[in-house]
Amino acid sequence: MPTSDRVTPELDVNFVRSFFPNLNDGWAFFENAGGSYVPKTVIERVTAYMTEMQVQPGGVFESGRRAAEKRDEAQRLVAEMINADEGEVIIGPSTTTNVYVMSHALAPFFEAGDEIIVTNLDHEANSGAWRRLERTGVTVKEWRVNPDSVELEIGDLDALLGERTRLVCFPHCSNVAGGINDVAAITARAHAAGAMVFVDGVAYAPHRAVDVKTLDVDFYAMSFYKVYGPHLAMVYGKRDLLLRCEPQNHFFIGEDRPALRVNAGYPPHESTAALPGIVDYFEAVHSHHFDEPENSLNQRIKRVFSLFAAHEEKISARFLDFLATKPGVRLIGRNNPRAASRAPTFSFLVEGMKSAELPPLAAKNQVAIKNGNFYAYRLMEPLGLDPADGVVRTSMVHYTAMEDVDRLIAALDEIL
Ligand SMILES: Cc1ncc(COP(=O)(O)O)c(C=O)c1O
């Protein structure tokens, strides 16, 4: 039976939670957009690497051979997760660092007078490094959010695109408002104007499956420490574009390794070796819920994310329904729980209160939330906010139980 005809079961939340040791600490955790918890499959892989093969990968001895095998396995699986080819994935320490490196690597694509479009919705990671290219004579234009809807509107992009536009940088999902942008549509617009896209998928990848080929993106960034993995990040780049980049690695690393050639160095080995632990976790979730193995890892991961999306939609609806009962609360972004429309990342403001007042009050009930600008610093201005105080953010993922959402609601109900 084709995948689309099958009924998707409900996510077994107790099953998935049993993988995450941190969930036993008594807190209801709502800072997942800052960094997610890690399943034991990842933790075990870090430990195994450091215990059994902490050597420079390579060589004819057992530990070196196995270390190289683990590194290569990570590179292969990560590529398969997002439907990329192996040589198209650059693994680095963080998205901030990776974008910085790419902003140098893309130098051959820009001449003085060329234009780059950035947004004021992005986390600064996909903004500052591109803006700094102004020093090379590039003109940077800002695609600004509609301050009422806190949305990027495609009509506004059309007005900015021109024949000198070389690159459009934008987020797949806002790490503040949670709204999901139509990456395929925006990318098609940019391509029609002759520009490339650099998409920040950091706030999207923990929630929905990423398929870089279907989206037809040129570059796509995500951080594994928000996708149930170790503190690492990756950038996907289309092979032909990577080959046109200025190498950032040693001169003798050749075109047969297009991603490594553009990477400014190797990421930490033990963390890289732990990346397949994310896949181990997805595999366990898949086989717990589905009888038939899908054809490919990529398809199995898509099935797992469809479980996550359905659960996230339910917890989103519960939380949004609650917020709607509070007239003094202003939700930032979409009041719509649909999985296609948003991730379960909610930011809001409370009339008569500073955002900083809420987290300590919630913490009294062991409910973890945070306030601030979350490095989407430039978004605070159209929202009329002091960046030091910012918004209150509560962010959920698939392992967030409905009971946790009810604890959050009860804690907020005391405050609001
Ligand atoms: C949407 C978004 N982009 C980029 C980043 C930066 O990622 P990193 O910490 O890997 O540099 C973050 C981190 O919070 C983020 O939320």
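Computed from a prediction, not measured in an experiment: that's the story for all the values here. Each ligand, and each atom within it, is numbered from 1 in the order the structure gives.
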Practice item. Scan side-chain atoms only and decide if Thr95 and Asn98 contain a donor-acceptor pair under the 3.5 Å cut-off. Key: no

Point to revise | Reported OH-to-CG distance for the pair Tyr236 and Asn83, which is rounded to 0.5 angstrom | key: 8.5 Å

**Study point:** is_close_aromatic(Tyr37, Phe20), centroid dist under 6.0 Å
**Key:** no

Exercise for review: Answer with yes or no after comparing the ring centroid distance for Tyr220 and His172 against a 6.0 Å cut-off, counting only values under it.
Suggested key: yes

Revision key, fill the gap. closest protein heavy atom to atom 11 (O) of ligand 1 is Thr96 OG1, 2.6 Å

Exercise for review: If you have a sec, work out which protein heavy atom is nearest atom 14 (O) of ligand 1 and how many Å separate them, to one decimal?
Suggested key: Lys226 NZ, 2.5 Å

Study note, to complete from the structure: Going by the 4.0 angstrom heavy-atom rule, the piece of Ser223 near ligand 1 is side chain

Review point. Under 4.0 Å from any heavy atom of Tyr225, which atoms of ligand 1 are there?
Key: 7 (O), 8 (P), 9 (O), 10 (O), 13 (C)

Point to revise | Ring-ring centroid check Phe224 Tyr228, cutoff 6.0 Å | key: no

Point to revise | Closest protein heavy atom (residue, atom, distance) for atom 6 (C) of ligand 1 | key: His123 CE1, 3.4 Å

Check your understanding: Could an N or O of ligand 1 be found under 3.5 Å from any N or O of Thr95, whether backbone or side chain?
Key -> yes

Review point. Hey, what do you get for CZ (Arg378) to CZ (Arg131), rounding to the nearest 0.5 Å?
Key: 3.5 Å

Check your understanding: Looking at Ala125, which atoms of ligand 1 are within less than 4.0 Å of one of its heavy atoms?
Key -> 4 (C), 6 (C)

Practice item. Could you tell me the residue and atom name of the protein heavy atom closest to atom 3 (N) of ligand 1, and the distance to it rounded to 0.1 Å? Key: Asp200 OD2, 2.5 Å

Exercise for review: Have a look at ligand 1 and work out which part of Val202, if any, has a heavy atom under 4.0 Å from it: side chain, backbone, both or neither.
Suggested key: side chain

Point to revise | Test: Arg300 cationic atom under 6.0 Å from Phe282 six-membered ring centre, within 45° of axis | key: no

